[in-house]
Amino acid sequence: MFSSNEKISGRQAFRLLVFDLLGLGTLLIPAAVAGFCGRDGIFCIIVGTVLGLLFLRLLVYAVGDMQGSFAEYTEKMCGTFFGKTIQAGYFLYLMLLAGYTAYLFSVTVLNNLLRGESFYLVLVLILGLVWYGLLSGIEGRARVYELLFWFILIPLFIMLASALDEVKTDYWNPVFFTEKRDFFAGSYYVFICSSLIFLILFLGGYLRKRESLMKVGRLALIFTGCLEAGLYLILLGVFGGAALSDMQTPAITLMSTIKITGGFLKRADAFMFGIWFFTLYAMLNSMVFYSGNLAAKVIRDCGGYLEGKKRMLPYLILLLLVYGVTVLFYRNQQFLDCVTFLLWKIGTPFVVGVPVLLCLTGERKK
């Protein structure tokens with residue numbers, strides 16, 4: 001059942017955001033920037049993280065006087081019609097991103113843990129866990145992630161430290177040989193992952209102290225940016241730029257090459273997969289939760305009754321939609337390519353453009 005007050009602390013919000021940001025970032029960024037820029041990929045990570053910090057400042061400025069939920073704020077600032085249009089855009093973006101995350105999550109589980117199992121069974125189990133997480137509300141999930149935070153990250157730091165012996169620093173040089181177009185493309189790819197910080201727009205309504213919004217988001221971006229940069233340098237030093245760019249999940253592959261001193265853990269990859277299990281699960285949970293909130297608002301605005309057991313109806317509908325979209329991703333590569341293009345090339349400019357619109361609207365009203 002839902003928690004009673006649905007309020008979380010700044011520390012809990014920070015840890016929620018770190019889990020949301022780490023999943024896609026650590027899985028996708030290393031191979032992508034290596035493909036774009038090779039050894040110069042580290043600079044793409046730095047630039048993309050800085051752009052994320054600038055975007056965060058824009059977000060906080062845009063909703064500086066927000067009271068209540070972000071959905072209500074958009075209607076207050078832009079009017080009912082345009083406010084609901086913005087909400088529809090966020091709903092579509094969150095729902096498709098949830099489908100993409102569920103697809104990546106399921107494929108990663110199949111490739112690394114349950115080889116030969118049914119994709120559909122794995123997907124149903126994952127969405128079942130998401131449903132269970134939704135039942136506890138955001139406060140319950142925040143408490144769980146608060147407890148798991150260091151239990152997940154400390155083993156990651158140990159594994160990365162153990163991999164330092166295999167790093168060949170020659171793979172880091174020479175630098176500054178990337179063409180501008182590739183560098184901008186790599187930096188934009190990193191910014192796509194950093195732009196997920198827009199989730200603070202929806203998270204802000206649950207913070208006990210809203211004035212901590214900027215601090216929480218900034219710490220989450222800096223923490224994940226530093227971790228992604230360190231991970232990239234280690235992966236580049238172990239595999240080299242050419243090999244790294246051809247890998248699907250190099251961070252997980254790295255775990256299978258690590259030897260822990262003392263030999264108490266022979267296979268680290270299966271054990272360490274827990275990091276990406278919980279980060280991808282956290283992100284998927286957040287996508288469904290926030291898009292479900294938007295769907296619930298639409299139902300209430302239309303006179304729908306969402307008390308008692310019916311309170312979970314929008315989230316159930318969302319999970320069914322996510323299941324359908326994810327199955328289409330799995331069965332149709334062309335559909336997957338089309339939606340990922342929509343997410344990265346249209347969805348990201350949308351989430352950047354909305355705060356700009358809110359800023360302009362706020363200035364005009366003043």
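Just so we're clear, the structure is a prediction, and the values are computed from it rather than from any experiment. For reference, positions follow the sequence shown, starting with 1.
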Apply side-chain contact (heavy atoms from CB on, under 4.5 Å) to the pair F55 and I197, showing each step before the final yes or no.
-> CA-CA 8 Å; F55 178 49; I197 197 65; 3.8 Å; yes
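- Taking the six-membered ring wherever Trp is involved, the centroid distance between the rings of F198 and Y93 falls below 6.0 Å.
- Between C78 and L357, the closest heavy-atom pair is SG-CD2, 4.3 Å.
- When every heavy atom of L123 is checked against every heavy atom of Y323, the shortest pair comes out as CD2-CD1, 3.4 Å.
- Scanning both residues, T74 and G83, for their nearest heavy atoms gives OG1-O, 3.6 Å.
- Across G48 and V190, no two heavy atoms sit closer than the pair CA-CG1, 3.8 Å.
- Ring-centre distance between F335 and F329: below the 6.0 Å cut-off.
- Under the 4.5 Å side-chain heavy-atom criterion for Ile, Leu, Val, Met, Phe, Trp and Tyr, V124 and V122 are members of the same hydrophobic cluster.
- Checking L235, L233, L227 one by one against L231, the side chain to side chain contact (heavy atoms under 4.5 Å, CB included) holds for a single residue, L235.
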side-chain contact (heavy atoms from CB on, under 4.5 Å) evaluation trace for L199 with L94 | CA-CA 10 Å; L199 293 175; L94 289 168; 4.1 Å; yes
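- For Y90 and F350, the ring centers are positioned less than 6.0 Å apart.
- A 6.0 Å sphere centred on CD of Q333 holds more than 12 heavy atoms belonging to other residues, nucleotides or ligands.
- A continuous path of ILVMFWY side-chain contacts below 4.5 Å connects I154 to F14, so both sit in one hydrophobic cluster.
- With Y100 as reference, W344 is the one residue of Y330, W344, F341 to meet the ring-ring contact (aromatic ring centres under 6.0 Å, His included) rule.
- Under the 4.5 Å side-chain heavy-atom criterion for ILVMFWY residues, no single connected hydrophobic cluster contains both Y171 and V238.
- When atom types are taken as modelled, the side chain of T224 and the backbone of L221 share a donor-acceptor pair closer than 3.5 angstrom.
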Please walk me through it: do L104 and L24 pass side-chain contact (heavy atoms from CB on, under 4.5 Å)?
-> CA-CA 9 Å; L104 181 65; L24 289 184; 3.4 Å; yes
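- Ring pair W150/F157 is tilted by interplanar angle, where 30° to 60° counts as tilted.
- The side-chain heavy atoms of V109 and E117, taken from C-beta on, include no pair separated by under 4.5 Å.
- A continuous path of hydrophobic side-chain contacts links L135 to M287 [ILVMFWY only; heavy atoms under 4.5 Å].
- Of all heavy-atom pairs spanning C44 and S187, the tightest one is CA-OG, 3.6 Å.
- With hydrogens and angles ignored, the 3.5 Å screen pairs a side-chain donor or acceptor of N111 with a backbone N or O of V107.
- In terms of heavy-atom proximity, R39 sits nearest to L236 at CA-CD2, 3.9 Å.
- Tested against V130, the residues Y315, Y281, F105, F289 include a single side chain to side chain contact (heavy atoms under 4.5 Å, CB included) partner, Y281.
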Stepwise side-chain contact (heavy atoms from CB on, under 4.5 Å) check, L27 with T279 = CA-CA 10 Å; L27 278 182; T279 54; over 6 Å; no
